[in-house]
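Below is one structure; the comments refer to it alone.
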Amino acid sequence: MAIELLTGKEIEKMKAANRIVAEALEYLKDLVKPGATAWDLEMAVRDWLKRTYPKANPAFYGYRGYPAYLCVSVNEEVVHGIPRKERILKEGDIVSIDFGVELDGYYGDSAKTFKVGEVSKSIEKLLEGTEKALYAAIAEAYPGNNLENLSKVIYKTLRKYHLHPICKYGGHGIGRKLHMEPFVANCPGVGPKMKLQPGMVLAIEPMAGLKTSKTKELSDGWTVITWNRTPAAHFEHTVAITEKGPLILSKLD
Ligand code: MF3
Ligand code: CO
């Protein structure tokens with residue numbers, strides 16, 4: 001199992017691709033409001049990307065036949081929600097938006113769960129705990145640490161918030177392809193154990209259910225929902241492991 005290590009120059013290219021993703025999520029954030037549909041977000045990002053970064057390509061569109069630029073996962077949808085016109089956002093909903101691009105041969109990938117207006121206390125905790133789990137894992141992404149410690153801290157953080165870690169899906173290596181080795185598990189004992197090295201780039205993506213960790217896939221072949229249709233959240237960053245420690249590539253500053 002060979003993990004590709006990227007050079008400093010390549011990390012710069014990863015940064016450029018990931019910056020576009022970060023900007024797109026920032027742009028989409030303002031469009032998340034009651035009455036908007038998942039398809040509106042898809043249309044908006046298509047237009048935005050063409051206008052703003054004509055050289056960038058959508059990473060998900062056409063990937064194993066995936067039909068959209070975005071994954072838009074509302075409430076009980078955990079990940080890989082195909083944006084639909086019929087899915088209308090309403091006050092109190094949550095919506096996870098996942099976006100990826102390829103620029104100059106390198107990939108960016110990031111996701112965030114947004115609130116639609118005001119949400120309940122328990123939903124606030126769901127978002128807070130899942131985002132905390134992401135940042136706790138990022139803090140462990142330094143050379144010499146074991147990959148499994150990222151999974152452990154994701155799991156522990158989610159449990160501390162009484163959330164239900166989703167072990168079936170997880171993060172991945174990323175670079176000159178969207179999905180590369182290693183699998184970055186959200187639960188210990190699931191993914192490979194290996195020492196992290198400078199030049200590795202990981203998409204770390206904790207997912208959690210408010211009431212359950214059990215999921216099922218819809219007949220569209222993509223959309224993953226919780227089996228009992230209770231809400232779930234998802235946060236993802238692309239992170240480079242450098243000699244100086246973790247470097248979040250998919251953020252604005
Ligand atoms: N960030 C998601 C992932 O890494 C998005 C993939 S959607 C797909 O799994 F269409 F590209 F598969
Ligand atoms: Co990803």
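What you see is a predicted model, and the numbers here were worked out from it, not measured in a lab. Just follow the structure's listing: the first ligand is 1, and inside any ligand the first atom is 1.
Between Y63 and ligand 1, not a single N/O pair is under 3.5 Å apart. By the 3.5 Å distance cut-off applied to N or O atoms, D98 is counted among the residues near ligand 1. The shortest N or O to N or O distance between D109 and ligand 1 is under 3.5 Å.
Geometric assessment of K216 against the ring of W227 yields a negative cation-pi assignment under the 6.0 Å and 45° thresholds.
For the residue pair T238/D109, the side-chain donor-acceptor check at 3.5 Å is not satisfied. In this model, a donor atom of one side chain and an acceptor atom of the other lie less than 3.5 Å apart for Y63 and H179. No hydrogens or angles considered: a donor-acceptor pair under 3.5 Å links the side chains of H237 and S250.
For atom 12 (F) of ligand 1, the choice among Y61, F60, W222 with the nearest heavy atom turns out to be W222.
Residue contact check: L178 has heavy atoms under 4.0 Å from atoms 11 (F) of ligand 1. Residue-ligand proximity, Y66 to ligand 1, at heavy-atom distances under 4.0 Å covers atoms 10 (F). Atoms of ligand 1 lying under 4.0 Å from any heavy atom of E236, numbered from 1 in the order shown and given with element: 1 (N).
K160 and E128 are not joined by a salt bridge, as no carboxylate oxygen comes within less than 4.0 angstrom of a charged side-chain nitrogen. Looking at R87 and E77, a side-chain N of the basic residue comes within less than 4.0 Å of a carboxylate O on the acidic one, giving a salt bridge.
Within the structure, the closest approach of V79 to ligand 1 does not fall below 4.0 Å when heavy atoms are considered. Ligand 1 lies out of reach of Y169, whose nearest heavy atom is not under 4.0 Å from it. For C71, the closest heavy-atom approach to ligand 1 falls below 4.0 Å. Under a 4.0 Å heavy-atom criterion, R64 is not in contact with ligand 1.
Residues forming a side-chain hydrogen bond (donor to acceptor under 3.5 Å, both in side chains) with K90 (at least two apart in sequence, or on another chain): D93.
Considering every non-hydrogen atom in both K33 and D30, the closest pair reads NZ-O, 3.5 Å. Considering all non-hydrogen atoms of both residues, P165 and S213 come closest at O-CB, 3.1 Å. S73 approaches G81 most closely through the heavy-atom pair OG-N, 3.1 Å.
If you look at H179 next to ligand 1, the close heavy atoms, those under 4.0 Å, all belong to the side chain.
Here the heavy atom of the protein found nearest to atom 9 (O) of ligand 1 is H80 NE2, 3.1 Å.
For the atom pair T130 OG1 and L158 CG, the distance stands at 5.5 Å (nearest 0.5 Å).
Ring pair F99/Y69 is parallel by interplanar angle, where below 30° counts as parallel and above 60° as perpendicular.
For the Co ion (ligand 2), protein N, O or S atoms closer than 2.8 Å were enumerated as D109 OD2, H172 NE2, E205 OE2, E236 OE2, with waters left out.
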